[in-house]
2 protein chains.
Amino acid sequence: MSLMLEEIFDQPRALRRTFKAEREHAQSFKEFARQKDFRLIVLVARGTSDNAALFGRYLLELTTGIPVSLCAASIHTLYHARLDLRRAVVVGVSQSGEGTDINLVLKSARRQGAYTVAITNEARSTMAQLADEVFLVRAGKQRSVAATKTYTGQLLMFYLLAGGLGPHITLESVSEIPDRVEAALELAPSIRELVERYRYMRQCVVVSRGLNVANAYELALKLMETCYVVAERFSSADFAHGPVALIERDFPVIILMPPGKVFRDLKRLVERLRKLRAETLLISSTDVRLPAATRTIRVPGPIPEIYTPIPYIVPGQLLAASLAEVKGLDPDNPRSLQIVTRTL
Amino acid sequence: MSLMLEEIFDQPRALRRTFKAEREHAQSFKEFARQKDFRLIVLVARGTSDNAALFGRYLLELTTGIPVSLCAASIHTLYHARLDLRRAVVVGVSQSGEGTDINLVLKSARRQGAYTVAITNEARSTMAQLADEVFLVRAGKQRSVAATKTYTGQLLMFYLLAGGLGPHITLESVSEIPDRVEAALELAPSIRELVERYRYMRQCVVVSRGLNVANAYELALKLMETCYVVAERFSSADFAHGPVALIERDFPVIILMPPGKVFRDLKRLVERLRKLRAETLLISSTDVRLPAATRTIRVPGPIPEIYTPIPYIVPGQLLAASLAEVKGLDPDNPRSLQIVTRTL
């Protein structure tokens with residue numbers, strides 16, 4: 001078994017560990033945040049962690065009412081701009097805590113008046129040392145180059161933070177997430193069979209909407225780095241504004257299709273794709289009737305939309321890891337990559 | 001000649017018109033903004049206008065020091081979240097001014113305390129009616145489905161706004177942009193010859209960094225919608241965090257490579273791509289020695305980095321329009337698309 005698959009299967013355990021260790025910390029952050037009266041949340045990350053930040057962007061705006069901005073690191077690291085960050089909390093997200101640019105942004109943000117928070121998997125990392133406060137993901141050492149358990153760990157941390165900062169997320173619901181992941185992992189054998197179909201897939205599009213857009217980005221990234229599939233990533237709204245022109249007969253489109261607010265929009269997209277005779281693969285837990293698609297992965301449910309993102313990435317991770325295997329690739333050694341990437 | 005090419009060539013005239021009509025308006029906005037003491041700028045858009053907003057995100061943070069956030073429209077249109085937007089200015093960007101979701105966000109933002117601004121090409125549009133203030137792009141009626149002159153018009157408007165809000169952008173420098181575009185348009189015949197090489201290109205990656213990342217996104221979008229090329233878009237820093245694994249011998253990568261702060265990072269990327277034996281196409285105006293690449297498009301210069309984005313998209317637009325022609329496609333009628341896309 002690849003390290004990647006091992007770490008995918010390790011997720012329920014890792015998530016329980018993180019939940020247990022950080023739930024009270026996140027709750028106590030509430031009082032502190034109230035005193036500080038933050039007016040802006042800035043998230044800064046790269047790669048898989050940046051996809052987690054994209055999730056955090058939606059979740060934190062939805063649950064706290066505080067505007068969130070995804071930081072363009074180069075503004076700080078290359079252009080050395082001075083921003084007014086008083087009453088902002090700047091959250092760096094990095095598995096290793098050694099992303100040079102992310103750490104530079106945190107340093108510069110603090111000089112500009114921000115309170116700085118680190119979400120990292122490494123307690124002794126540079127990032128953990130320099131941030132005002134650390135939320136420690138307890139995913140265990142990441143040995144696979146393709147991040148999986150640290151991504152879901154970062155998502156869980158955003159739930160804990162959102163639960164601390166606003167009334168929408170309850171600890172009880174968050175505590176159920178590891179079980180949902182365990183249930184989703186049961187899909188492994190059927191996904192292993194399913195991927196045979198995509199043995200020769202060279203390109204595809206991954207789409208979702210709202211809270212699951214981050215998962216579309218993350219699944220596309222996993223397909224790029226472990227399977228070398230040229231995988232485009234979009235919110236379904238952006239996809240309709242131009243890129244849908246790509247779609248011709250048999251073009252593969254993967255749609256993460258949660259129940260709730262975004263369902264209707266995604267359903268319309270699937271129906272449109274059907275008319276274009278695209279190949280569609282749905283990932284969904286909904287018990288509502290799904291539109292006709294070429295293939296469907298049923299995530300065990302029901303799951304309220306707001307708690308779908310962690311269980312929904314699991315079939316995506318399994319898909320990428322299994323497809324790499326079917327393509328004869330080693331997902332633990334993607335060409336050209338290392339675990340820690342240093343950029344400025 | 002396609003409508004798309006006509007509109008590409010119309011850009012110097014359109015830009016001069018917009019500059020002349022709006023320069024004073026933007027200057028007078030300065031005093032108003034100072035009184036309001038905005039603490040946050042939120043940009044909201046879709047498609048090509050969203051790429052213009054991505055440029056605005058960099059330019060406004062760099063020149064005003066006010067944090068900028070790119071809005072996730074669904075937070076407002078589907079999830080109906082309530083955000084604290086006091087002392088925020090929310091800027092909608094839409095060619096037609098009829099993007100249903102963008103207009104909904106503006107309405108909802110105003111209810112939440114924001115001052116609302118429209119950047120649109122249509123004076124009588126819904127967006128122009130509902131915003132507190134309108135900055136009118138004078139690109140003339142857009143008849144091509146693929147937006148070109150309205151994109152550069154929106155970029156110009158962001159320069160005027162940045163010039164109004166901070167000290168870095170001068171009217172004199174902005175007034176030179178139409179001439180730079182005129183000079184870049186001289187590249188048309190050589191680009192028409194060059195694209196023969198890409199007749200059978202099915203996929204590619206477009207990369208840049210900082211102020212030109214928006215152009216990488218925009219060129220990728222143009223290649224998707226007019227040439228049906230599966231074109232991935234990245235900042236070079238994000239590209240290094242995973243997607244670079246896609247690159248194998250002959251994989252085409254287009255790099256927008258301005259002089260200045262981002263040059264070294266992009267140069268390193270080109271050298272890495274060379275080792276991977278990728279096919280590289282550079283777009284650059286720099287007089288510094290460029291790294292070895294398969295092909296290079298020389299944008300007439302010198303141009304200071306901060307003013308490169310408008311002239312740099314011109315060869316990109318010409319590339320997409322010419323490649324569509326060489327592929328026997330009609331760029332004015334991309335399959336599945338209309339000029340106004342309605343999403344929620």
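In what follows, every chain begins at residue 1, and chains take the letters A, B, ... in the order their sequences are listed.
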**Prompt:** Looking at B/V42, B/D84, B/V230, which makes the most heavy-atom pairs under 4.5 Å with chain A?
**Reply:** B/V230
**Leading residue by heavy atom contact count with chain A [cutoff under 4.5 Å; candidates B/R233, B/K275, B/R264]** = B/R233
**Request:** Side chain from CB out, backbone as N, CA, C, O: work out which of these in B/V145 comes under 4.5 Å of a heavy atom of chain A, or both, or neither.
**Result:** neither
**For chain A, the option from B/E305, B/H80, B/R268 that forms the most heavy-atom pairs under 4.5 Å** = B/E305
**Asked** For A/R277, does the CZ atom have more than 12 heavy-atom neighbours from other residues, nucleotides or ligands under 6.0 Å away?
**Response** no
**Request:** Could you check which of A/A147, A/P334, A/G210 has the highest count of heavy-atom pairs closer than 4.5 Å to chain B?
**Result:** A/G210
**Fill in**
So, the part of B/F239 with a heavy atom under 4.5 Å from chain A: the answer is neither
**Prompt:** Within a reach of under 6.0 Å around NZ of B/K261, are more than 12 heavy atoms found that belong to other residues, nucleotides or ligands?
**Reply:** no
**Message:** I'd like to know if the side chain of B/S336 reaches the main chain of A/A245, judged simply by a donor and an acceptor atom lying under 3.5 Å from each other, with no hydrogens or angles considered.
**Reply:** no
**Request:** Could you tell me which non-hydrogen atom of A/R335 sits nearest to which non-hydrogen atom of B/I247, and how far apart they are?
**Result:** NE-O, 3.7 Å
**Message:** So for A/R202, is it side chain, backbone, both, or neither that comes closer than 4.5 Å to the heavy atoms of chain B?
**Reply:** both
**Message:** Do A/P243 and B/E225 have side chains that approach each other closer than 4.5 Å (heavy atoms only, starting at C-beta)?
**Reply:** no
**Prompt:** Of the backbone (N, CA, C, O) and the side chain (C-beta and beyond), which part of A/V68 lies under 4.5 Å from a heavy atom of chain B, both, or neither?
**Reply:** backbone
**Asked** Using a cut-off of under 4.5 Å for heavy-atom pairs, which of B/S236, B/A88, B/A146, B/A231 has the most such pairs with chain A?
**Response** B/A231
**Request:** Return the option, out of B/V244, B/I75, B/D238, with the maximum number of heavy-atom pairs under 4.5 Å with chain A.
**Result:** B/I75
**Prompt:** Nearest heavy-atom pair of B/Y228 and A/L246: which atoms, and what distance?
**Reply:** C-CD2, 3.6 Å
**Complete:** To the nearest 0.5 Å, atom CG of A/L40 lies from atom CD1 of B/I66 at 12.0 Å
**Fill in**
So CG of B/D265 and CG of A/L78: to nearest 0.5 Å the spacing works out to 6.5 Å
**Item:** Largest heavy-atom contact set with chain B, pairs under 4.5 Å, which of A/C227, A/A240, A/G260
**Value:** A/A240
**Request:** Select all residues of residues 49-62 of chain A having any heavy atom within less than 4.5 Å of some heavy atom of chain B, and report them by number, or 'none'.
**Result:** A/D50, A/R57, A/Y58, A/E61, A/L62
**Request:** Can you see which heavy atom on A/L221 is nearest to which on B/H241, and at what distance?
**Result:** CD1-O, 3.9 Å
**Asked** Between the side chain of B/Y79 and the main-chain N/O of A/L211, is any donor-acceptor distance below 3.5 Å?
**Response** yes
**Item:** Minimum-distance pair of heavy atoms, taken over all atoms of A/S69 and B/S69
**Value:** CB-CB, 3.8 Å
**Asked** Which atoms of A/T64 come close to chain B, meaning under 4.5 Å heavy atom to heavy atom: side chain ones, backbone ones, both, or neither?
**Response** neither
**Exercise: identify the closest heavy-atom pair between B/L85 and A/P67** = CD2-CG, 3.9 Å
**Complete:** Tightest non-hydrogen contact, residues B/M224 and A/E232, listed as SD-OE2, 3.7 Å
**Asked** Heavy-atom distance under 4.5 Å to chain A: side chain of B/V205, backbone, both or neither?
**Response** neither
**Request:** Check each atom of B/L276 against the heavy atoms of chain A and say whether the ones under 4.5 Å are side chain, backbone, both or neither.
**Result:** side chain
**Prompt:** Counting heavy-atom pairs under 4.5 Å to chain B, which of A/Q203, A/R87, A/R82 comes out on top?
**Reply:** A/Q203
